Participant: 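Pasting in a structure now, in structure tokens, and then I'll have a few things to ask.
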Amino acid sequence: MQRVGVFVCWCGSNIAATVDVEKVAEVLGQEPGVVFSTHYQYMCSQSGQELIQNAIREHSLTGVVVCSCSPRMHENTFRKTCEKAGLNPYMVEIANIREQCSWIHKNKEEATQKAVILGRAAIAKVHLNAPLTAGTSPVKKRALVIGGGIAGIQTALDIADAGFEVDIVEKEPTIGGKMTQIDKTFPTLDCAACILTPKMVDAAQNEKIKIYSYSEVQSVKGFVGNFRVTIKKKARYVDETKCTGCGLCTEKCPQKKVPNAFNLGLDQRRAIYIPFAQAVPKIATIDADYCTMLKTGKCGVCSKVCTAGAIDYKQTDRFIEEEYGAIVVATGFNPIKLDQYDEFAYSQSPDVVTSLEFERLMNAAGPTGGTLLRPSDGTHPKTIVFVQCVGSRCDDSKGKSYCSKICCMYTAKHAMLCREKYPDTDVYVFYIDVRTPGKNFDEFYRRAVEEYGVHYVKGMVGKVVPENGKLKVQASDLLGNRQLHIDADMVVLAAAIEPDKSARPLATMLTASMDTNDFFTEAHPKLRPVESPTAGIFLSGACQGPKDIPETVAQASAAAAKVIGLLAKDSLICNPCTAAPDELMCNGCSSCEKVCPYGAITYIDKEFRGPNRTTLVRRVAQVNPAVCQGCGACTVACPSGAMDLKGFSNKQIMAEVDAICR
Amino acid sequence: MQERLKQKALELLENGTADRILGWKIGEFFYDLTPAVFKTRQEIQEEFVYSPFAGANLSKYLIAESRKGGKVAVFLKPCDSYSFTQLLKEHRIWRENVYVVGVQCGGMCDMEKLRAKGCEGVLSVGEDGENIVVETLYGTNVFPRAELLEDRCITCKSKKVVTFDELIGEQGTELESDRFSQVAQLEAMTSQERFAFWQKELSRCIRCNACRNVCPACSCEKCVFDNPGSGVRNKAAADSFEESLFHIIRAFHVTGRCTDCGECSRVCPQNIPLHLLNRKMIKDMNELYGTYQAGADPDTKPPLTDFTLDDEEPSIVHTRGGQ
């Protein structure tokens with residue numbers, strides 16, 4: 001039996017107003033094994049901690065129960081307090097009599113009774129506590145960034161800046177991501193390419209950064225500090241070491257009818273291509289779906305014109321295995337498909353475009369050379385209608401329930417740029433609300449309305465009908481309480497954004513959790529926003545939730561800071577409250593392995609002594625304590641009760657239940 | 001059939017496919033077939049038996065047999081092959097050391113039903129197609145097999161041999177059986193009636209542990225009921241609560257892994273319909289999480305250790321329980 005000390009905290013009036021702390025201390029003092037029991041105004045204060053330390057020394061306490069706030073608040077504080085007084089930190093138990101008692105009760109008598117019961121359960125548990133010692137595991141000082149958009153680039157640059165090696169894996173032939181397709185950026189209207197491309201070049205030139213373009217993560221094994229990642233370098237049929245990026249092949253290729261993905265299919269490119277002029281790395285890639293040579297074996301024009309001899313039609317996918325200490329997810333977003341929004345006639349008229357397509361139509365490097373022309377007939381649009389929240393803040397199943405966050409601002413930008421470049425155009429913006437929190441954001445929107453004369457109309461567009469080269473827009477003006485009929489030349493839809501499709505399989509590989517919308521979840525929504533609950537996995541950019549560029553860059557640097565903090569350590573202290581199997585009881589059935597969300601459990605064939613000097617080989621579970629997060633899923637999946645959780649053993653939990661039911 | 005199996009056993013032993021054969025031999029009585037390992041030609045010729053009483057499921061014995069070195073050949077009936085596959089899924093059997101001969105099965109017979117027919121002085125029982133031929137001191141009797149079938153065989157769930165290296169007889173298919181109808185009857189009772197039913201049945205339990213020892217799903221290295229640390233260890237039935245708790249704990253422990261082979265009820269010396277407890281769990285699981293058959297394949301995740309977003313909420317389980 002332990003020598004237990006009980007410390008009841010008033011938490012000012014937070015607890016003491018609803019719980020008779022004096023009585024709790026007195027009653028718990030009668031519990032078996034309790035040799036000291038007291039109460040104090042603020043147990044977490046310096047003097048409160050000293051009170052605990054003195055009691056440990058004076059009464060030779062071997063276990064401590066603190067009845068106070070949630071263990072999420074001060075468990076660590078009290079563990080350190082006790083450690084300083086010579087007690088193992090895992091001999092401390094917290095009875096939460098604030099969040100789970102005083103704050104939710106009004107009747108003092110009942111609350112006091114409940115506080116006593118909670119304290120009693122903690123005392124029952126601490127009697128079965130065993131001193132635990134945290135182990136350590138080494139850290140591989142190299143980081144992986146998955147996704148080479150602005151988020152991934154910024155994170156990689158910051159990690160490299162701190163002196164650590166970092167690799168970027170990008171699935172497209174070039175890094176840069178969505179920002180390369182954007183024309184101007186809000187709220188300062190500087191050109192996206194002008195501010196992004198220097199960063200792309202920085203990343204390419206940085207000795208610490210290695211870029212795997214046109215590559216994907218194939219598999220992830222291991223755990224924080226020691227990930228083993230297989231990267232698939234997709235065949236681009238061009239030798240990266242030889243290609244000079246001269247672009248001759250992309251001009252001579254006879255296959256001209258390939259939809260240009262970079263311009264969202266608004267124009268066409270060749271089967272061999274470099275996505276855009278400032279691509280990094282500037283290396284040509286053959287599109288195997290369209291290349292005549294790869295499909296029929298007849299052509300070979302690019303090979304003939306290439307003076308560097310870089311074309312290699314026999315190239316195959318290659319697999320590279322690398323080790324990393326930390327992984328940053330920066331997989332970004334995509335606008336949703338608008339197939340289901342036929343009321344806006346997106347699939348009926350080429351003049352109904354998404355906002356990202358509109359960016360390309362306004363961009364000097366875009367299909368129209370920066371002149372805003374209607375895709376259907378190449379004329380200047382005179383009346384443009386912008387529709388906000390297409391698929392965002394949507395109740396029905398076809399859209400997204402969340403706000404895509406960036407649309408209000410980029411629509412204001414588009415509207416402003418139209419009026420700036422073409423003052424003769426009429427611009428309407430239909431909105432549910434205009435949401436512009438952010439530095440200089442509301443001022444930007446006010447300028448669109450007040451200086452640029454954009455018609456902002458509160459209400460949604462009900463219907464768009466293409467008729468005689470015009471788009472008949474029917475909409476409601478909620479403030480004017482009337483129906484509007486506008487003959488528009490173009491309609492621009494602010495499509496909701498969603499996480500990239502590659503995120504879900506990646507999350508499975510990383511055992512990182514996601515929300516129902518496939519955004520990665522953070523370890524704590526407020527206090528740990530750039531970490532995944534899975535140790536060693538960090539989140540950068542829109543993969544965690546909709547974000548604009550300033551926020552993305554801020555989060556990217558924050559993720560980098562967390563990675564640097566991890567990589568700067570030579571070894572990691574592990575959580576000692578991990579699962580451990582009783583090998584003599586383990587059947588080797590793999591139930592635990594299958595439910596472990598962290599991949600912490602493996603199986604080995606191990607020799608055991610059998611009867612009569614024989615040896616038996618049995619398959620038994622092994623828990624890697626560096627990976628185990630102590631969730632306990634395995635302990636309940638185990639059919640034979642062989643798996644148990646240190647610090648939260650089945651016996652301890654049953655003792656708590658028994659104490660509560662006593 | 002017995003001759004075909006015997007020949008196969010001899011062939012496998014002689015051509016070196018297997019070092020040992022796991023089959024059946026006569027136990028205390030001719031109708032009491034016991035699992036046995038045969039190592040020589042002579043043993044097979046003299047002792048190997050396969051008859052309408054070869055109900056014993058051999059799969060569980062492979063946990064130990066497959067680890068002894070050398071290769072063991074085994075005869076598995078369709079329902080045994082489900083247990084075998086489930087054990088493979090749990091990595092309990094070393095597959096590379098086992099050669100499986102699937103045996104198609106027409107259903108096993110119940111000695112009690114034969115006795116109920118008034119047969120006395122039975123000397124032997126043989127098969128003749130769909131008939132059972134019974135030799136007695138007083139002459140030969142022939143009964144249709146269907147009239148003598150064990151209850152579990154009347155509601156046979158499948159004639160498919162799930163895992164095998166070779167097959168004797170035709171491969172069968174899964175059957176539409178109304179094996180849950182008895183469970184439905186129990187569910188239709190009031191809770192008092194149901195409690196009385198189970199109290200009557202379970203009060204006969206002598207805690208001989210036969211059900212646990214024969215069950216292929218009950219194959220833990222150390223059973224909770226033998227573990228002093230578990231708090232439920234007890235060799236003999238101490239009181240009525242103890243014996244009823246024992247069977248319910250066991251039913252919970254095998255849920256999701258029980259293939260409904262029915263061995264528990266077959267071996268119960270007190271004729272307690274223990275399989276109904278397991279079937280209730282299977283029925284509930286099927287209704288709550290979609291149809292799942294343990295041992296039907298080596299890969300699918302059992303519903304109770306798997307999570308999908310559209311899983312029923314625990315509250316619905318509570319609601320159903322309150323009915």
Side-chain angles (χ1 to χ4, degrees), chain A residues 128 504 508 511 513-518 581-597 601-612 614-621 631-644 649-655 657-658, chain B residues 60 63-69 83 85-97 212 215-233 249-258 281 294-295 298-311 314:
Chain A
L128 298 170
R504 171 59 67 175
T508 311
T511 63
S513 55
M514 285 188 138
D515 63 19
T516 48
N517 294 312
D518 280 5
D582 180 342
E583 289 181 346
L584 292 176
M585 285 168 68
C586 175
N587 298 334
C589 74
S590 278
S591 292
C592 55
E593 188 186 11
K594 284 173 191 154
V595 297
C596 178
I601 299 174
T602 50
Y603 276 83
I604 57 161
D605 289 328
K606 195 168 172 178
E607 277 190 7
F608 288 85
R609 279 177 62 187
N612 304 325
T614 53
T615 48
L616 285 171
V617 178
R618 280 181 33 221
R619 187 174 190 273
V620 288
C631 73
C634 53
T635 65
V636 285
C638 179
S640 54
M643 198 60 95
D644 216 347
S649 67
N650 291 334
K651 272 191 179 167
Q652 285 175 304
I653 290 163
M654 287 313 290
V657 175
D658 283 347
Chain B
K60 185 178 184 176
I63 296 173
E65 278 305 320
S66 70
R67 286 156 203 242
K68 286 185 180 166
S83 309
T85 311
Q86 180 62 27
L87 286 167
L88 278 186
K89 191 173 185 170
E90 295 169 15
H91 306 276
R92 303 307 308 281
I93 293 173
W94 294 9
R95 181 70 176 94
E96 63 277 15
N97 293 347
R212 180 196 73 179
C215 175
C218 257
S219 54
C220 284
E221 293 288 338
K222 182 142 192 129
C223 176
V224 284
F225 298 115
D226 296 339
N227 180 0
S230 71
V232 290
R233 183 178 73 143
I249 291 174
R250 220 182 69 75
F252 269 99
H253 277 204
V254 301
T255 301
R257 304 187 297 125
C258 168
M281 301 305 274
D299 302 315
T300 46
K301 284 189 171 181
L304 292 192
T305 51
D306 193 20
F307 171 74
T308 56
L309 279 175
D310 45 332
D311 270 354

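A quick note: this is a predicted structure, and the numbers were derived from the prediction, not measured.
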Participant: Taking atom NZ of A:Lys594 and atom NZ of B:Lys301, what is their separation to the nearest 0.5 Å?
Facilitator: 8.0 Å
Participant: Would you mind checking which part of A:Leu616 comes under 4.5 Å of any heavy atom in chain B, side chain (CB onward), backbone (N, CA, C, O), both or neither?
Facilitator: neither
Participant: Give me the atom names and distance for the closest heavy-atom approach of A:Val595 to B:Thr305.
Facilitator: CG1-O, 3.2 Å
Participant: Tell me if the CZ atom of B:Phe252 is crowded by more than 12 foreign heavy atoms within 6.0 Å.
Facilitator: no
Participant: Go through A:Cys589, A:Cys586, A:Ala642, A:Ser640 and name the one with the most non-hydrogen pairs under 4.5 angstrom from chain B.
Facilitator: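 Ranked by heavy-atom pairs under 4.5 Å with chain B, first place is A:Cys589.
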Participant: How long is the straight-line distance from CD1 of B:Ile63 back to CZ of A:Arg618, given to the nearest 0.5 Å?
Facilitator: 12.0 Å
Participant: Heavy-atom distance under 4.5 Å to chain B: side chain of A:Val617, backbone, both or neither?
Facilitator: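 Answer is both: backbone and side chain atoms of A:Val617 are under 4.5 Å from chain B.
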Participant: Near B:Glu96 CD, under 6.0 Å, is it more than 12 heavy atoms from other residues, nucleotides or ligands?
Facilitator: yes
Participant: Do any of residues 85-95 of chain B have a heavy atom less than 4.5 Å from a heavy atom of chain A, and if so, which, in residue order?
Facilitator: B:Lys89, B:Glu90, B:His91, B:Arg92, B:Trp94
